[in-house]
Amino acid sequence: MKRKTGQDRSITQNWRPATRAIRGGTARSEYGETSEALFLTSGYCYDKAGDAAARFAGEQEGMTYSRLQNPTVQMLEERIALLEGAEACRTMATGMAAMTASLLCQLQTGDHLVGGRAAFGSCRWLTDTLLPKFGIATTIVDARDPQAFLDAVRPETKVFFFETPANPTMDIADLKAICDIARERGITTVVDNAFATPALQRPMEFGADVTAYSATKMMDGQGRVLAGAVCGTEDFITNTLLPFTRNTGPTLSPFNAWVVLKGLETLDLRIHRQSENAMKVGEFLEGRVPRVLHPFLPSHPQHELAKRQMDACGPIFAFEVEGREQAHALLDALELVDISNNIGDSRSLMTHPASTTHASVSPDKQIEMGVTEGLLRINVGLEDAQDVIDDLDQALRQAGL
C-alpha cells in the first residue's frame with residue numbers, strides 16, 4: 001500500500017469491510033511505518049507567516065491546532081467513515097460528547113426534538129433536562145412504534161433521536177420506517193448505534209442522516225480508553241458539527257485515537273465471536289430466569305425486525321429476575337463475570353441498570369423506559385462461553401434461581 005492509499009476514497013470505497021477496518025484512513029509518514037503513527041502534539045509550525053494565515057483562512061491544507069485536526073485522529077475519522085459508509089466523521093472525547101454535540105450543533109431555542117423512550121440514562125438526561133434548559137422542546141415516544149414519531153411531529157420539529165438496540169432494554173426501532181417519516185418532512189435523524197457498531201448495523205443504509213457512537217465500547221472493545229464519533233454528510237460534519245466542536249472543544253486525544261485504530265483492526269472478529277457467545281448464554285438463561293431480552297432469540301417480540309436490520313445482535317442483552325434484592329444477590333455471587341457498568345469489553349461484565357447506569361433517571365421514568373428493579377444487563381466477552389454459563393449457573397443457584 002502506498003503512503004496515501006488509505007485516504008484515497010477512489011480506492012478505499014472498493015475495499016470490503018474487513019480491509020477497511022485494517023487499512024482504511026492510514027496515511028504513512030516519510031518513514032514508511034507499518035502501524036499508524038502516533039502524533040502527540042498540541043500545535044503545528046509553519047515555514048512562513050503567510051502559511052499560517054492561509055491555513056486559518058482555509059486557503060491552504062494543513063494542521064493548525066490539535067483541537068481541530070491531528071494526523072492520528074484524522075486517520076481514525078476516515079476509517080470510521082469508511083466502515084459506516086458515511087461521507088465524513090468527527091471524533092469526540094467520549095460517547096456522550098458525541099451525543100451532545102450531534103444534537104446541540106443543530107438545535108436552538110424554539111426547536112423541537114422527538115426522542116426514543118428507551119435510552120442510556122445520560123441520553124435521557126440530555127433530552128429531558130439539558131435541551132429544555134435551552135428552550136428546546138422534547139417529546140419522548142416509544143421508539144418501537146414508528147407511528148409514535150409521526151404523531152409527535154410539530155412544525156418546529158428538527159430532529160428524531162433514538163438508539164437501536166436500546167440500552168438496556170434491547171428495544172428495536174424500525175430504522176427504515178422512522179427515517180422515511182423524517183426524510184419526508186425534512187427532519188434530521190440521529191441514531192445512536194453504539195451497541196451494534198457499523199460491523200453489525202449501518203443505519204445510513206436505512207436512511208439515517210447522522211450516526212453517533214460511544215467508540216469506548218466495541219470499537220476499542222478492550223476497556224482501555226474513552227472515545228466518541230459522529231458520522232454524516234460532508235456538509236453536516238463541516239458546516240454544522242465542526243463550528244460547534246471547534247469552539248467548544250470535546251476533542252479526542254491522539255493517544256486514544258491510536259488505541260481505537262488498533263481496536264478497529266479486530267472489531268469484526270471480536271464482535272462476531274462475542275455475538276456467538278451471547279447467543280449461547282441467552283439460550284442458557286431462557287427458562288432459567290423469568291424473562292430474557294435478546295433480539296436474536298425467537299422469544300424477543302421484535303426478533304424478525306432485528307434480523308432484518310442487523311447482521312448479529314452483538315455481545316449485550318438483558319434479563320430479569322425477581323427484584324433488586326435477587327439481582328444484587330446474583331451479582332454478588334459471580335466469580336468470573338465482573339460487576340461493571342461498562343459494555344463492549346472483551347471481558348464478560350454485568351450490571352444492575354436501575355442502581356447504576358440509570359440511577360440518575362427518576363423511578364417513574366425508569367418504569368416508563370422498562371428499567372425494572374429486577375433487570376440485569378450483561379456484556380458477554382471473549383472467554384469460553386461455557387465458563388460464563390457455569391459462572392452464571394452457580395450464581396443463579398445462590399440467588400435462588
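These figures come from a predicted structure and were not determined experimentally.
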Just wondering, do [Y] and [X] contact through their side chains at under 4.5 Å, heavy atoms?
| X | Y | answer |
| --- | --- | --- |
| Phe195 | Met170 | yes |
| Glu283 | Leu297 | yes |
| His328 | His352 | yes |
| Asn277 | Val388 | no |
| Leu396 | Leu285 | yes |
| Arg185 | Phe160 | no |
| Val380 | Gln274 | no |
| Met99 | Ser122 | no |

Check the side chains of [Y] and [X] for a donor-acceptor pair under 3.5 angstrom, ignoring hydrogens and angles.
| X | Y | answer |
| --- | --- | --- |
| Ser362 | Asp364 | yes |
| Arg124 | Ser360 | no |
| Thr19 | Arg23 | no |
| Tyr44 | Gln69 | no |
| Asp390 | Gln394 | no |

Main chain of [Y], side chain of [X]: is a donor-acceptor contact present, judged purely on distance under 3.5 Å?
| X | Y | result |
| --- | --- | --- |
| Thr245 | Leu242 | yes |
| Thr109 | Phe134 | yes |
| Ser348 | Val337 | no |
| Arg90 | Gly232 | no |
| Gln366 | His358 | yes |
| Gln201 | Ala196 | no |
| Glu320 | Leu375 | no |
| Thr216 | Ala227 | yes |
| Arg117 | Glu368 | yes |
| Asp393 | Ile389 | no |

Separation between [atom1] of [X] and [atom2] of [Y], rounded to the nearest 0.5 Å:
| X | Y | atom1 | atom2 | answer |
| --- | --- | --- | --- | --- |
| Thr248 | Met92 | OG1 | CE | 8.0 Å |
| Lys217 | Ile271 | NZ | CD1 | 13.0 Å |
| Glu156 | Gln108 | CD | CD | 12.0 Å |
| Leu130 | Thr100 | CG | OG1 | 7.0 Å |
| Thr164 | Asp192 | OG1 | CG | 10.0 Å |
| Leu331 | Gln326 | CG | CD | 11.0 Å |

Verdict with reasoning, Met350 to Leu330, per side chain to side chain contact (heavy atoms under 4.5 Å, CB included) = CA-CA 10 Å; Met350 197 186 304; Leu330 194 160; 4.1 Å; yes
Got a salt bridge between [X] and [Y], using NZ or NE/NH1/NH2 to carboxylate O under 4.0 Å?
| X | Y | value |
| --- | --- | --- |
| Arg347 | Asp338 | no |
| Asp311 | Arg202 | yes |
| Glu276 | Arg273 | yes |
| Glu265 | Lys262 | yes |

Within a reach of under 6.0 Å around [atom1] of [X], are more than 12 heavy atoms found that belong to other residues, nucleotides or ligands?
| X | atom1 | answer |
| --- | --- | --- |
| Arg291 | CZ | no |
| Glu59 | CD | yes |
| Arg246 | CZ | no |
| Glu325 | CD | no |

For the side-chain hydrogen bond (donor to acceptor under 3.5 Å, both in side chains) test, which of Arg20, Arg9, Gln7 pairs with Glu78?
->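 Going through the options one by one, the only one that passes is Arg9.
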Assess whether salt bridge (charged side-chain N to carboxylate O under 4.0 Å, His left out) is satisfied between Arg55 and Asp51, documenting all intermediate values.
-> CA-CA 6 Å; Arg55 288 191 198 178; Asp51 292 336; 5.9 Å; no
Minimum heavy-atom distance [X]-[Y], with the two atoms named:
| X | Y | result |
| --- | --- | --- |
| Thr169 | Gly370 | CG2-O, 3.6 Å |
| Gly43 | Tyr65 | CA-CD1, 4.3 Å |
| Ala173 | Ile178 | CB-CD1, 3.9 Å |
| Pro132 | Thr138 | CG-OG1, 4.3 Å |
| Phe317 | Leu293 | CB-O, 3.3 Å |
| Asn342 | Asp345 | ND2-OD2, 4.2 Å |

List the steps and the verdict of side chain to side chain contact (heavy atoms under 4.5 Å, CB included) for Asp174 and Phe149.
-> CA-CA 11 Å; Asp174 189 328; Phe149 281 88; over 6 Å; no
Contacts of type salt bridge (Lys or Arg N to Asp or Glu O under 4.0 Å), residue Lys176, not counting sequence neighbours |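 Asp180.
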Counterpart residues, salt bridge (Lys or Arg N to Asp or Glu O under 4.0 Å), relative to Glu87 (two or more places apart) |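 Applying salt bridge (Lys or Arg N to Asp or Glu O under 4.0 Å) to Glu87 gives none.
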Could you walk me through whether Glu77 and Ile237 pass side chain to side chain contact (heavy atoms under 4.5 Å, CB included), step by step?
-> CA-CA 11 Å; Glu77 290 170 344; Ile237 297 297; over 6 Å; no
Apply side chain to side chain contact (heavy atoms under 4.5 Å, CB included) to the pair Leu261 and Thr26, showing each step before the final yes or no.
-> CA-CA 9 Å; Leu261 277 166; Thr26 300; over 6 Å; no
Partner of Leu103 by side chain to side chain contact (heavy atoms under 4.5 Å, CB included), out of Asp111, Leu113, Ile136 |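 Only one of Asp111, Leu113, Ile136 forms a side chain to side chain contact (heavy atoms under 4.5 Å, CB included) with Leu103, namely Leu113.
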Identify, with sequence neighbours excluded, every residue that meets side chain to side chain contact (heavy atoms under 4.5 Å, CB included) alongside Ala52.
->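 Partners of Ala52 by the side chain to side chain contact (heavy atoms under 4.5 Å, CB included) criterion, ordered by chain and then number, come out as Tyr46.
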